[in-house]
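Fair warning: this is a prediction, and the values are worked out from it, not measured in the lab.
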Amino acid sequence: MTGNYSTAGLMKIVICWLCFGAAIFGQAQQGPGEMIFYNGKLITVDDHGFTSRLGTTAQAMHVKDGKILHVGGNAEIRAMAKQDTKLVDLKGRTVIPGFILTHEHPWDWNPVEPPLIKKELTDDIVITRVMDGSPDDNLKAFPKILADAVSKAKPGQWIYVVFTLGKNYEYAARGNGPYGKLGIDPKVFNILDGKHITKEQLDAAAPNNPVLLRDVFIYLMMNQKAMDEARKVFPMPDTTPEGGMRWMFGDVMMKDHYRTLVETMRLGLEWWAGYGMTSFSSNAYAPSNVKVYKELDRKGQMPVREMWTWNWRTKYFYSDPYYLQAINAFDGVGSDYFWFGGGRIVEGGSCTTADLQSSSKLAKIPELQIEATAKDCAYKPGSEYSKLLYDYIKAGNRYVNHHTAGDEDIDNIMGIIEKASKDAGMTDEEIRGKRHAFDHGLMFPRPDQVALFKKLGIYASGDPFEVYQASPAIFDIYGEKGAGWVVPKKREVDAGIYNTLETDRALGSTNFTIFSVVGMMIDRKGWDGRVYAPDQRLDRATALKVGTIFGAYYIFREKLLGSLEPGKFADFLVLDRDYLTVPEADIANTRVLMTVVGGKIVHLVPSLAREIGMQPAGAQVTLGGPAAQW
């Protein structure tokens, strides 16, 4: 996608985005054949309640045309086999529903996951390099790496360098804002902060080539040549290159390599299916994001399902009453693999009501104390964003897939939702029916916020990685009370609040998997090995519900996804160990041997493939990930 976008051009894009659903609505993915899986331990999760009861445990399952027809005992289900039915002996293995991640960004993560970019971004397309040392080592090696890339690049060719953050994320800042500056080895720093590597350095080293630097989280840098290229595509002031992590790769760097972009993203979704993700929800961060996923869906090539949400120039669009009604009418439109589910305004602020601990290291560093205690509320009364949110909610729209952090801004947002909904004449039941959602859970909900969460029907998408990454610093700054506000899953379950699972991290360069993050809900250990807010730990059965059936409610697909029940889509995982009986410490080591989405096998490791007489499948196998050796 190239060229400048005028106001008229932007409206054409919106019309295309809003109308594509009509074109693909009702188009089914290409259906697989009939299969019977037997002699297994099928954890159906057909109990949807807020308890540790998972419901039926079965032995066998009958799948046809992408859906589960029957679940039951071996003899009963095997008797349903016809001559051409494929029989799969599970040999006692555990089967669970596929994971539904409710705040995930494969679009962001795939371009920085080394196996994917090494496969697709060859030097004839983009000069690509991956640096996987410590920040200190990478900083020393970078000038030579860049000089070598420049020597191989043709004039005008892109140079793309990805910096990983360690196999255990040990080179990432531990938490947000000032938190990451406490108690960390001085050699652990943000290499893309504009100080360690400067724009002037990039300009001097590569005067004839656009250069893009990314780490595997959210930071990027670019030289002037790259900025010039970005402004050819996005001249609008609120899509400046400095904020281009969401769209720089797909819409600018890859604008002349669209087919490579499509294949990279298709493989990336396959890669995540290998972790066990069968559905996810996410903002669609750029025009190319919608275009690529729409094409994959139309061709029946989406490996997993997505509920996509709006996040594009919200100041521009959300101030238009016509648009607010149009986006409301679009809610739910799409296919079984790609449908619309709401939108966001702006990231919630990190403002908090928690008291700073006088003994904190932070209290001894004045400039960081100011940063931590500043009332950075995005939705404070009277702000521009509070007005936009009010109008958005009053028009009947769903607030979902937002990045929210501080408990004080959660108070602001809930106040706006309640007032705007009532001013629109909505009943309490209608408000709850919207299923507004707050994501991340970094510092909320407080115990006293739970009642309003329940009254408004707020969903809580929580990222247990914040327990691992941020809890040590938050404990130091705000004490035990503050640590108890970090992704408080037990509090939410006890209150009957639907809370769901996210990882919100690229995993391809790490040792982490989705099961690692499930384990963080259960043990609540920080990166320092300490357990934080143990009263918020979940048992393993409830944690499984959070990752499966609760997520189905978040994406409005509880009648079709999230559990292994007749009439639902056949989205499930075959595991290498019994999730319910292995030691808790071993849950994080669980391997996914097979992932099935809509009855189609999208991930299958070699050992199980040989056993059942099928071909290995999925990017984690074909691209030489660890699963290729399983």
Side-chain angles (χ1 to χ4, degrees), residues 40-59 61 63 67-72 94-103 276-281 305 307 332 336 339 341 398 400 428-429 431-439 441 445 450 453-462 464 487-502 514 518 521-522 537-573 575 579-580 596-598:
K41 180 178 181 179
L42 278 64
I43 304 170
T44 66
V45 198
D46 60 3
D47 184 318
H48 299 193
F50 294 93
T51 71
S52 59
R53 293 190 296 271
L54 290 170
T56 307
T57 299
Q59 295 177 313
M61 180 168 57
V63 173
K67 289 195 173 182
I68 299 168
L69 296 187
H70 307 91
V71 177
T94 296
V95 176
I96 65 172
F99 286 119
I100 299 173
L101 303 186
T102 51
H103 187 114
M277 183 183 80
T278 56
S279 297
F280 71 102
S281 68
R305 309 177 194 276
M307 182 191 81
D336 290 329
W339 67 95
R398 185 189 186 198
V400 63
D428 287 347
E429 193 60 34
I431 297 171
R432 286 189 287 271
K434 285 302 190 183
R435 303 187 188 180
H436 300 298
F438 301 153
D439 293 4
V450 165
F453 264 65
K454 185 76 172 175
K455 177 184 176 183
L456 299 177
I458 301 294
Y459 281 55
S461 175
V487 197
K489 291 290 185 183
K490 185 67 162 56
R491 179 177 304 137
E492 293 159 351
V493 169
D494 288 347
I497 294 170
Y498 282 109
N499 63 104
T500 58
L501 180 63
E502 54 185 86
I514 294 174
V518 170
M521 285 193 283
I522 297 169
R537 293 180 58 185
L538 288 184
D539 63 84
R540 70 179 78 198
T542 306
L544 183 59
K545 283 186 169 181
V546 168
T548 57
I549 189 59
F550 289 180
Y553 282 87
Y554 183 106
I555 61 175
F556 276 96
R557 289 295 186 272
E558 68 272 14
K559 294 181 180 179
L560 293 171
L561 304 170
S563 59
L564 307 180
E565 300 180 68
K568 289 193 170 186
F569 285 115
D571 292 10
F572 61 89
L573 316 176
L575 309 180
Y579 174 85
L580 293 183
V596 177
V597 181

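Taking the ring centre of Phe556 as origin, the terminal cationic atom of Arg435 falls inside the region bounded by 6.0 Å and 45° from the ring axis. Taking the ring centre of Phe453 as origin, the terminal cationic atom of Arg491 falls outside the region bounded by 6.0 Å and 45° from the ring axis. At least one cation-pi condition fails for Arg432 and Tyr553: the charged atom is not both under 6.0 angstrom from the six-membered ring centre and inside a 45 degree cone around its axis.
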Check step by step if side chain to side chain contact (heavy atoms under 4.5 Å, CB included) holds for Arg398 and His436.
CA-CA 6 Å; Arg398 185 189 186 198; His436 300 298; 4.2 Å; yes
Given the rule in the side chain to side chain contact (heavy atoms under 4.5 Å, CB included) test, do Phe99 and Val518 qualify, once you have shown the distances and angles that lead to the verdict?
CA-CA 10 Å; Phe99 286 119; Val518 170; 4.0 Å; yes
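Side chains of Ser281 and Val400 form no contact here, defined as non-hydrogen atoms less than 4.5 Å apart. Side-chain contact check for Ile100 versus Arg557: every heavy-atom pair is 4.5 Å or farther apart. In this structure, Asp47 and Lys545 have side chains that are in contact, with non-hydrogen atoms separated by less than 4.5 Å. For the pair Leu573 and Thr278, the minimum side-chain heavy-atom distance is below 4.5 Å. Side-chain contact between Arg537 and Ile522 is present, with at least one heavy-atom pair separated by less than 4.5 Å. Side-chain contact between Leu54 and Leu580: present, with at least one pair of heavy atoms (C-beta onward) separated by less than 4.5 Å. Ser461 is listed as a side-chain neighbour of Thr500, based on a closest heavy-atom distance under 4.5 Å. Looking at Asp571 and Arg305, their side chains come closer than 4.5 Å, going by heavy atoms from C-beta outward.
Of the options Thr548, Leu544, Val95, Thr56, a side-chain contact (heavy atoms from CB on, under 4.5 Å) to Ile43 is made by Leu544 and by none of the others. Applying side-chain contact (heavy atoms from CB on, under 4.5 Å) to Tyr554 and the options Asn499, Thr102, Leu101 leaves one that passes, Thr102.
For NZ of Lys490, the number of neighbouring non-hydrogen atoms (other residues, nucleotides, ligands) closer than 6.0 Å is 12 at most.
Between the CZ atom in Phe550 and the CD atom in Glu558 there is a gap of 12.0 Å [rounded to 0.5 Å]. Between Lys41 atom NZ and Leu575 atom CG the span is 11.0 Å, to the nearest 0.5 Å. A distance of 12.0 Å separates OG1 of Thr44 from CD1 of Ile96, quoted to the nearest 0.5 Å. The distance from the OG atom of Ser52 to the CZ atom of Arg540 is 11.5 Å, given to the nearest 0.5 Å. Taken to the nearest 0.5 Å, the NE2 atom of His48 stands 3.5 Å off from the CD1 atom of Ile549. To the nearest 0.5 angstrom, Leu538 atom CG is 9.0 Å from Glu492 atom CD.
Taking the six-membered ring where the residue is Trp, Tyr459 and Tyr498 present parallel rings, their angle staying beneath 30° rather than reaching 60°.
The shortest non-hydrogen separation linking Leu560 to Gly567 is CD2-O, 4.3 Å. Shown here for Phe569 and Asp336, the closest heavy-atom pair between the two residues is CZ-OD2, 3.4 Å. Taking all atoms of both residues into account, the shortest heavy-atom contact from Met521 to Val546 is SD-CG1, 3.8 Å. For the pair Ala543 and Tyr579, the tightest heavy-atom approach, listed with the atom from each and the gap, is CB-OH, 3.9 Å. Closest non-hydrogen pair, Gly276 versus Ile514, comes out as C-CD1, 4.3 Å. Residues Ala552 and Gly562 share a closest heavy-atom pair of CB-CA, 4.0 Å.
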